[in-house]
There are 4 protein chains.
Amino acid sequence: MYFILKREQILKAGLKLFVTQGLHAVTIAQIAAEANVGIGTVYRNFNSKEEIVQQIWIRQKASESAYVFKNYKKQGSLHDQFNFLWERVIRYFLEHPLEFQFSYQFAASPILTKEIHEIAMTDFLKFDELYALGLDQNLFKPLTARRLRLFTFSTINGWLLWAMDEKMDIDDATIALFLQMCWDSISA
Amino acid sequence: MYFILKREQILKAGLKLFVTQGLHAVTIAQIAAEANVGIGTVYRNFNSKEEIVQQIWIRQKASESAYVFKNYKKQGSLHDQFNFLWERVIRYFLEHPLEFQFSYQFAASPILTKEIHEIAMTDFLKFDELYALGLDQNLFKPLTARRLRLFTFSTINGWLLWAMDEKMDIDDATIALFLQMCWDSISA
Amino acid sequence: MYFILKREQILKAGLKLFVTQGLHAVTIAQIAAEANVGIGTVYRNFNSKEEIVQQIWIRQKASESAYVFKNYKKQGSLHDQFNFLWERVIRYFLEHPLEFQFSYQFAASPILTKEIHEIAMTDFLKFDELYALGLDQNLFKPLTARRLRLFTFSTINGWLLWAMDEKMDIDDATIALFLQMCWDSISA
Amino acid sequence: MYFILKREQILKAGLKLFVTQGLHAVTIAQIAAEANVGIGTVYRNFNSKEEIVQQIWIRQKASESAYVFKNYKKQGSLHDQFNFLWERVIRYFLEHPLEFQFSYQFAASPILTKEIHEIAMTDFLKFDELYALGLDQNLFKPLTARRLRLFTFSTINGWLLWAMDEKMDIDDATIALFLQMCWDSISA
DNA sequence: CATGAATGAGACTTCATTCAT
DNA sequence: CATGAATGAAGTCTCATTCAT
């Protein structure tokens with residue numbers, strides 16, 4: 001219990017520092033200080049700085065998944081479900097800017113192995129089921145479900161990046177417009 | 001001349017190593033070895049590891065720009081010009097996968113300052129002129145030219161990332177389809 | 001009682017680990033694990049790693065002494081007594097290889113203070129009495145009793161070391177021959 | 001040339017420090033300071049503290065061998081040759097007390113692998129040839145040449161140890177007596 | 001200009017020791 | 001009394017940077 005708490009503190013501290021300073025500029029000592037634990041405690045919980053990054057990634061994806069799929073029901077029109085899920089993704093990142101920047105920064109990093117990505121991405125396969133359904137109904141352009149999903153996701157990623165860069169206020173209307181752009185881009 | 005050659009060798013070596021191993025895992029000694037020069041020579045050309053990253057970025061953007069705008073004429077319909085330029089971007093990255101991965105990995109890195117980004121991005125402002133024209137003609141959804149450009153760009157970035165991840169073969173039809181998706185997403 | 005058991009377990013674990021891995025490679029955590037006790041328990045019984053070594057030494061010398069002098073009677077010829085005692089030393093070490101190697105490895109260690117050596121060696125002064133008697137009878141070469149004893153002891157130590165190194169089987173005849181060598185070397 | 005010099009300085013510093021303080025008490029920083037080189041230089045030449053110990057051992061045995069076999073001629077009686085060689089061994093150690101203590105302290109250390117021992121001991125196989133000759137002439141007790149050599153060597157080691165411990169002055173007569181003891185112990 | 005041996009600051013990492021449970 | 005998570009001092013080791021050659 002206490003053990004888990006310290007582990008969480010370390011991951012939280014790492015998230016903040018990696019995003020603001022970049023991986024190579026952050027030392028274990030800094031992470032320990034930010035987490036209010038001893039350096040030894042960091043090493044009791046993680047074998048290296050890289051493992052901290054990997055565990056932050058896994059934890060972040062789990063948290064994102066929990067947020068996105070909370071209250072999700074496979075009901076209503078496919079377009080409604082599409083909007084529901086992607087809006088949740090957008091809102092999650094808007095509410096968790098650190099997590100978003102971390103996610104963006106390390107998505108293509110060599111530190112994250114194929115295995116790590118697979119573990120972290122399992123939950124998001126539900127998106128693919130939705131796209132597959134849409135393909136069955138000839139709603140979408142002729143790509144695989146996986147590719148359609150990745151397309152929408154990278155679109156959202158890029159959009160959020162500059163939205164945050166420019167510190168723009170994002171209201172419901174803006175989100176609605178953006179969801180419309182996402183839908184239009186893949187619509188048949 | 002010889003001097004310039006060594007500088008180029010170092011940038012090329014850095015590009016390869018940073019992409020495959022990540023910034024923090026690459027040492028100057030490694031870069032020097034890969035470039036077949038001495039460590040001292042690296043320091044005659046660059047002040048630090050960070051400067052190497054910055055110079056790779058600038059050189060990469062210049063090369064990308066040269067490729068993209070070669071033979072570009074402001075003629076034909078706006079949609080044609082749109083397709084021409086973005087297709088060139090796509091083809092550049094498909095032909096230069098290392099450059100693409102470098103570009104993706106460091107786009108959000110704290111190492112690249114605003115100044116560096118401005119220097120490297122100057123050429124790409126021509127895109128904004130195109131989008132501004134489109135907005136005048138009410139072709140696009142109601143966003144600023146800059147945002148529309150960034151939207152398309154991040155879409156392409158994300159798409160290329162997984163295209164390379166999956167080592168998919170990309171033929172002309174696929175590129176055409178993708179350009180259509182980009183256009184549809186921002187069309188009014 | 002339970003307390004004493006744990007103490008013994010720790011000393012036994014330490015003996016094994018110090019011999020097989022060397023002092024500096026053994027951690028308190030390892031000793032605790034090998035002894036099936038907690039780290040804190042080690043510290044309830046000993047103040048430091050060095051003290052564990054010292055206590056193993058003292059315990060080992062006491063055990064060796066008990067073995068060597070059991071059934072020893074100051075009767076018979078001096079040569080017989082000489083053979084009896086040194087044969088017991090040899091057999092003790094042959095039956096306790098770990099103890100032997102520990103003894104050999106730490107004999108010259110700075111961890112063992114003069115006081116520790118004196119405590120542990122008290123019993124073995126009986127050897128010196130025997131040598132003194134031999135000197136009175138002009139049986140030995142002209143050295144002090146102490147030096148004659150140390151000479152024989154280091155000879156035996158060295159011999160046992162390579163005997164174990166080579167895993168040689170040592171029968172009664174071999175032991176008898178060796179005792180003869182020891183006697184011949186110091187005989188006047 | 002300069003490179004080799006630094007390496008020698010480090011080995012010399014290590015020898016002194018290991019003997020006076022014991023392996024685990026010596027830090028790389030201390031060795032570097034004693035050798036008047038930077039810590040990094042130590043690591044350019046050796047991979048670890050253990051490797052320093054191994055290289056000191058090899059270098060010491062080479063130096064010992066050079067000393068012992070200098071001017072050695074396979075002439076004269078076997079007993080004379082025996083005395084010549086072992087006297088050289090004794091004198092080498094008397095003149096190089098640091099080397100002797102190092103040799104004694106690490107002879108049984110787990111740091112020195114079988115390979116290291118084999119490399120370091122090659123030269124001393126000449127002793128075995130001498131013993132083999134003696135066995136042919138029925139001069140010695142019935143043991144293998146190797147064992148006879150090790151017996152004499154460990155005897156000498158032990159004797160020198162307490163000779164140094166007690167800071168006894170060792171004159172030619174004492175050495176002669178001791179060589180006699182060595183010879184007597186193995187004589188048939 | 002080119003080189004790479006030398007350096008030491010500062011990173012990583014271990015582990016003896018403490019102390020709340 | 002027994003435990004082992006937590007700690008941080010002190011070690012090992014790396015590597016950016018310098019500078020004599």
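Proteins come first, then strands; the chains are lettered A, B, ... in the order of their sequence lines, and each starts at number 1.
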Using only side-chain N and O atoms of Thr27(C), determine if any of them is under 4.0 Å from OP1 or OP2 of dC15(E).
no
When the ring planes of His117(C) and Trp57(C) are compared, do they come out parallel, tilted or perpendicular, using 30° and 60° as the limits?
perpendicular
Just so I know, are the side chains of Ile58(B) and Ile116(B) near enough to count as touching, which here means a heavy-atom distance under 4.5 Å?
yes
Taking the nucleotide of DNA chain E with the nearest heavy atom to each, does Val26(A) or His24(C) sit closer to the 5' end?
Val26(A)
Round to a whole Å and report the spacing from CG of Leu5(C) to C1' of dA2(F).
14 Å
For dT21(E), which nucleotide in any strand shown is its Watson-Crick or wobble partner with both distances under 3.5 Å?
dA2(F)
With nearest nucleotides of DNA chain F determined for Ala25(B) and Val42(C) from heavy-atom distances, which residue corresponds to the more 5′ nucleotide?
Val42(C)
Contact class for Asn47(B) (heavy atom, under 4.0 Å): base, sugar-phosphate, or nothing?
sugar-phosphate
Does Thr27(A) form a side chain to side chain contact (heavy atoms under 4.5 Å, CB included) with Leu17(A)? I'd like the steps, not just the answer.
CA-CA 9 Å; Thr27(A) 69; Leu17(A) 292 171; over 6 Å; no
Of the options dA6(F), dT17(E), dA6(E), whose atoms approach the side-chain atoms of Lys6(A) most closely?
dA6(F)
Given DNA chain F, 5'-ward residue of the pair Thr41(A) and Thr41(C), judged by closest heavy atom
Thr41(C)
Would you please confirm or rule out a distance under 4.0 Å between OP1 or OP2 of dC15(E) and any side-chain N or O of Lys49(C)?
no
Of the nucleotides dT17(E), dT18(F), dT13(E), which has the atom closest to the Ile39(B) side chain?
dT18(F)
Opposite nucleotide pairing with dA9(F), Watson-Crick or G-U, both atom distances under 3.5 Å
dT14(E)
Could you state the atom-to-atom distance from CD1 of Ile10(B) to P of dC1(E) in whole Å?
14 Å
Kindly point out which of dT17(F), dT7(F), dA5(E) is positioned nearest to the side chain of Arg44(D)?
dA5(E)
Tell me the interatomic distance from Ile52(B), atom CD1, to dC15(F), atom P, rounded to whole angstroms.
15 Å
Partner of dA16(F) by Watson-Crick or G-U wobble geometry, both contacts under 3.5 Å, or none?
dT7(E)
If you measure from CD on Glu50(D) to CD on Gln54(D), what distance do you get to the nearest 0.5 Å?
6.5 Å
Nearest-Å distance for atom pair CD1/P, residues Ile28(D) and dT14(F)
11 Å
Roughly how far apart are Glu99(D) CD and Leu15(D) CG, rounded to 0.5 Å?
5.0 Å
Gly40(D) or Ala29(A), whichever maps to the more 5' nucleotide of DNA chain E:
Gly40(D)
To the nearest 0.5 Å, tell me how far Phe102(B) CZ sits from Ile56(B) CD1.
4.5 Å
To the nearest angstrom, the CZ-P distance between Phe46(D) and dT12(F) comes to 15 Å
Whole angstrom value for the distance that separates C1' of dC15(E) from CD of Glu50(C):
15 Å
Atom CG of Leu17(C) and atom C1' of dC15(E) are separated, to the nearest Å, by 15 Å
Among dA16(F), dA6(F), dT12(F), find the nucleotide with the atom closest to the side chain of Tyr43(D).
dT12(F)
